[in-house]
Amino acid sequence: PQARMAGRSKAVLAAVAVVVAVLVATAAGAAPGILWEQHLDTAVYDNVGVSRLGYIVASTWLNEPELAEVFRFDNGNKSIKSIGDLNVFDRAYYSVAVSEFGSVAIVTLQIPGDFNSTVYKWNLASKSSAPDWTYTVPGQIVDSVDVSADGNIIALVVESNVSYYEPPVPQVIFLDGYSGSERVDDRITGKAGQQFGDVSLSDDGAYVAFVTAASGTAPSLTVVHRESHRRHFRDIQWNSNMPGQLSISSDGTFVAIAYLNQLSVYKRTSQTLSTLAYTSYYNYTADSAYMVTSLAFSPSGSLVVLGYMDSQVITGGPLLVAVDLASQALKLNYRFPDNTGEYENYIAQIAISETGRYIAVACWGSQFNDPGTEQMQVFRVGSTGGPVWKYMTPGSMMGIGIAESANGLGVVVSAGGKHVHANDMGNGGDLYTAVAVSAEQMALDAALDAPAVSQEAVDAINAKNLGWTAGRNERFAGMTLRDVQSLLGTRIKPRRADKQQQQHAPAGRKRVEAKKAAAKASAAAAAAA
């Protein structure tokens, strides 16, 4: 039975290898490493967005040159589009949002003291370097921006009637992606003294979520179905009136909010012409030392990822957590190593690839660049061995983006930040673009993450004419090929009892061979007689 089990296990492992080989045979691309980098003497990179079509949108702040630029993965550090603030005597602030499908980038430019902001739309694939349109938000400052997956809807959180003598009035306004004009009927207006947190749009722009806060009241989660103008409000009992981190899933089914060490996920349970209802679905509480600094859904909406900082010990390592919402299981729970020195390591931003398989993390790093505190790191969801790629920069990374299969290179990440640590005095900015996972490894990961029980896998094996016919084994239903490989790889390893049997096996075989020889001799004697 042991031999039969080993034989079957090896046969299934061989089948796994055949399927994987078939799926990765055409993979090609660049080896992991830095593709190109750019360094500025004074300005700091703070926003980075990556398009799955192979573009990078990055902006700077603090010092000149204050600008937003578009680069290509395979074109080095030569910008193909740019927007600049020509006034060197002010300080401009940019926000960047890249559409999920990768063709549209929205950039907002805010100049303090002007009490207005400008919104730019870029068609990234266009040969023209000019924006498709610009929109001026008079008397208002843009606090947050998001764009639908196809770029058709843009949502902005703005503060209107801004002055030094009157409390601001928060609003969410929506722009048409084609014309750049406001969709006035969709505008959402708060009350003077309220504060709206980050805005988050579903892929089609139909659902919008944000957090409302006001002095003396508990923050409130607000979800609006924009087309029917149906709203859902839910009070959130936090120990502060400041909005926390928020994100809505691609189809608007889930809304995740996080503050301090707590995560709450709400699920849409009903929607009619007169109601829109979300109820509590999942809660996660990290150790009390941690405070969430970044939150995002995977593009499919099935995974929610959080980045935390250690708020009690300045040299404590950050925490990265990924939760599968279907199973409510932790797919990643990685604590970064502690660091030396006096500067904190902080997860500034996380980004998730389009399949949800890879997570990119931008960190501040440590004062003395301790091992494990690399400022650019990439993780594979489900892996327990730490990052699959990491890179040490001189300073701190503030923003990061990630894309798979971009220009056939593999998994590409781009990150920007400060040339010295964020807690250190100094100037200068760095922008890096790198291949974190080769196209071949990416294809291998995709193959191993494929369902173990699938007709495609059966057909791929039988097409190889191996001398036996594959079929569906429902014992492996719900598993991936990676699960099967791990399971059977463990099963066929000798256990202690098996090793003891193997130690006695040679003597047993000798006795069997002796009996066979005796039988042959007896038969030969009988034949001779």
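- A donor-acceptor pair under 3.5 Å links the side-chain atoms of S148 to the main chain of I153, judged by distance alone.
- In plain terms, the two heavy atoms of A97 and V147 that are nearest each other are CB-CG1, 4.0 Å.
- To the nearest 0.5 angstrom, F71 atom CZ is 9.5 Å from I80 atom CD1.
- Judged purely by atom type and a 3.5 angstrom limit, E440 has no side-chain atom pairing as donor or acceptor with the backbone of A31.
- Closest approach of L156 to V119, counting heavy atoms only: CD1-CG2, 3.8 Å.
- Counting heavy atoms from C-beta outward, I257 and V211 have side chains that approach closer than 4.5 Å.
- Each of V98, L431, V413 was scored for a side chain to side chain contact (heavy atoms under 4.5 Å, CB included) with V48, with one residue passing: L431.
- In this structure, Y432 has its ring center closer than 6.0 angstrom to the ring center of Y391.
- Between M376 atom CE and M397 atom CE the span is 7.0 Å, to the nearest 0.5 Å.
- Remark: the backbone N or O of G317 is paired with a side-chain donor or acceptor of D338 at under 3.5 angstrom.
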Worksheet item: Does the pair T433 and I34 meet the rule for a side chain to side chain contact (heavy atoms under 4.5 Å, CB included), with working shown?
Response: CA-CA 6 Å; T433 297; I34 299 296; over 6 Å; no

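- Within 6.0 Å of atom CG in D41, 12 or fewer heavy atoms from other residues, nucleotides or ligands are found, so the atom counts as exposed in its surroundings.
- Note: H39 and H419 have perpendicular aromatic rings, judged against thresholds of 30 and 60 degrees for the angle between ring planes.
- Side-chain polar atoms of S294 and Q349 form no donor-acceptor pair below 3.5 angstrom.
- Aromatic ring centres of Y266 and Y281 lie farther apart than the 6.0 Å criterion allows.
- Looking at heavy atoms from C-beta onward, Y55 lies out of side-chain contact with N75 at the 4.5 angstrom threshold.
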Discussion item. Apply side chain to side chain contact (heavy atoms under 4.5 Å, CB included) to residues S117 and L109 and explain how you reach the verdict.
Written reply: CA-CA 6 Å; S117 299; L109 170 60; over 6 Å; no

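- With rounding to the nearest 0.5 Å, the separation of CG in N77 from CD1 in I56 is 10.5 Å.
- In this structure, T118 and Y135 have side chains that are not in contact, with every pair of non-hydrogen atoms separated by 4.5 Å or more.
- The closest side-chain donor-acceptor pair between Y178 and N152 falls under 3.5 angstrom.
- Looking at S181, its side chain never comes within 3.5 Å of a backbone N or O of D176 through a donor-acceptor pair.
- Nearest heavy atoms, Q245 versus T293: NE2-O, 3.4 Å.
- Remark: the backbone N or O of G177 is paired with a side-chain donor or acceptor of K121 at under 3.5 angstrom.
- Put simply, the side chain of E69 never gets that close to the backbone of S82: no donor and acceptor are under 3.5 Å apart.
- Shown are D186, V172, D204; of these, the side chain to side chain contact (heavy atoms under 4.5 Å, CB included) with R226 is made only by D186.
- If you look at F379 and Y334, their ring centroids are closer than 6.0 Å.
- Checked by atom type, the side-chain pair S353/E404 shows a donor-acceptor distance below 3.5 Å.
- Within 6.0 Å of the CD atom in E342, the count of heavy atoms belonging to other residues, nucleotides or ligands does not exceed 12.
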Practice prompt. Before giving the answer on side chain to side chain contact (heavy atoms under 4.5 Å, CB included), spell out for F210 and D198 the whole-Å C-alpha distance, their side-chain angles and the decisive distance to 0.1 Å.
Written response: CA-CA 6 Å; F210 56 95; D198 289 344; over 6 Å; no

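- Within the 4.5 Å cutoff, the side chain of S288 has heavy atoms near those of the Q312 side chain.
- Closest heavy-atom contact between V223 and A209: CG2-CB, 4.3 Å.
- Within a 6.0 Å radius of CH2 in W61, other residues, nucleotides and ligands contribute 12 heavy atoms or fewer.
- Residues F196 and D143 fail the side-chain proximity criterion, which asks for heavy atoms closer than 4.5 Å.
- Ion pairing between E182 and R187 holds under the 4.0 Å rule for side-chain N and carboxylate O.
- A donor-acceptor pair shorter than 3.5 Å cannot be found between the side chains of S126 and S128.
- Remark: side-chain polar atoms of S438 are not paired, donor with acceptor, to backbone N or O of P32 under 3.5 angstrom.
- Looking at heavy atoms from C-beta onward, N123 lies out of side-chain contact with V104 at the 4.5 angstrom threshold.
- Side-chain N/O atoms of D370 and T340 include a donor and acceptor closer than 3.5 Å.
- Side-chain polar atoms of E344 and N339 form no donor-acceptor pair below 3.5 angstrom.
- Within the 3.5 Å criterion, the main-chain N or O of R380 finds no donor-acceptor partner in the side chain of K331.
- Between R357 and D445 there is no salt bridge, since no side-chain nitrogen of the basic residue lies less than 4.0 Å from a carboxylate oxygen of the acidic one.
- Between W364 and H421, the ring planes lie perpendicular to each other; the angle is over 60°, past the 30° to 60° tilted range.
- Checking side-chain atoms of Q171 against main-chain N and O of I188 turns up no donor-acceptor pair under 3.5 Å.
- With rounding to the nearest 0.5 Å, the separation of CZ in R72 from CG in L124 is 10.0 Å.
- To the nearest 0.5 angstrom, L62 atom CG is 11.5 Å from L40 atom CG.
- A donor-acceptor contact shorter than 3.5 Å links the side chain of S249 to the backbone of F254.
- At least one side-chain heavy atom of V145 sits less than 4.5 Å from a side-chain heavy atom of S95.
- The distance from the CD atom of Q375 to the CD1 atom of I347 is 12.5 Å, given to the nearest 0.5 Å.
- For the residue pair N63/T42, the side-chain donor-acceptor check at 3.5 Å is not satisfied.
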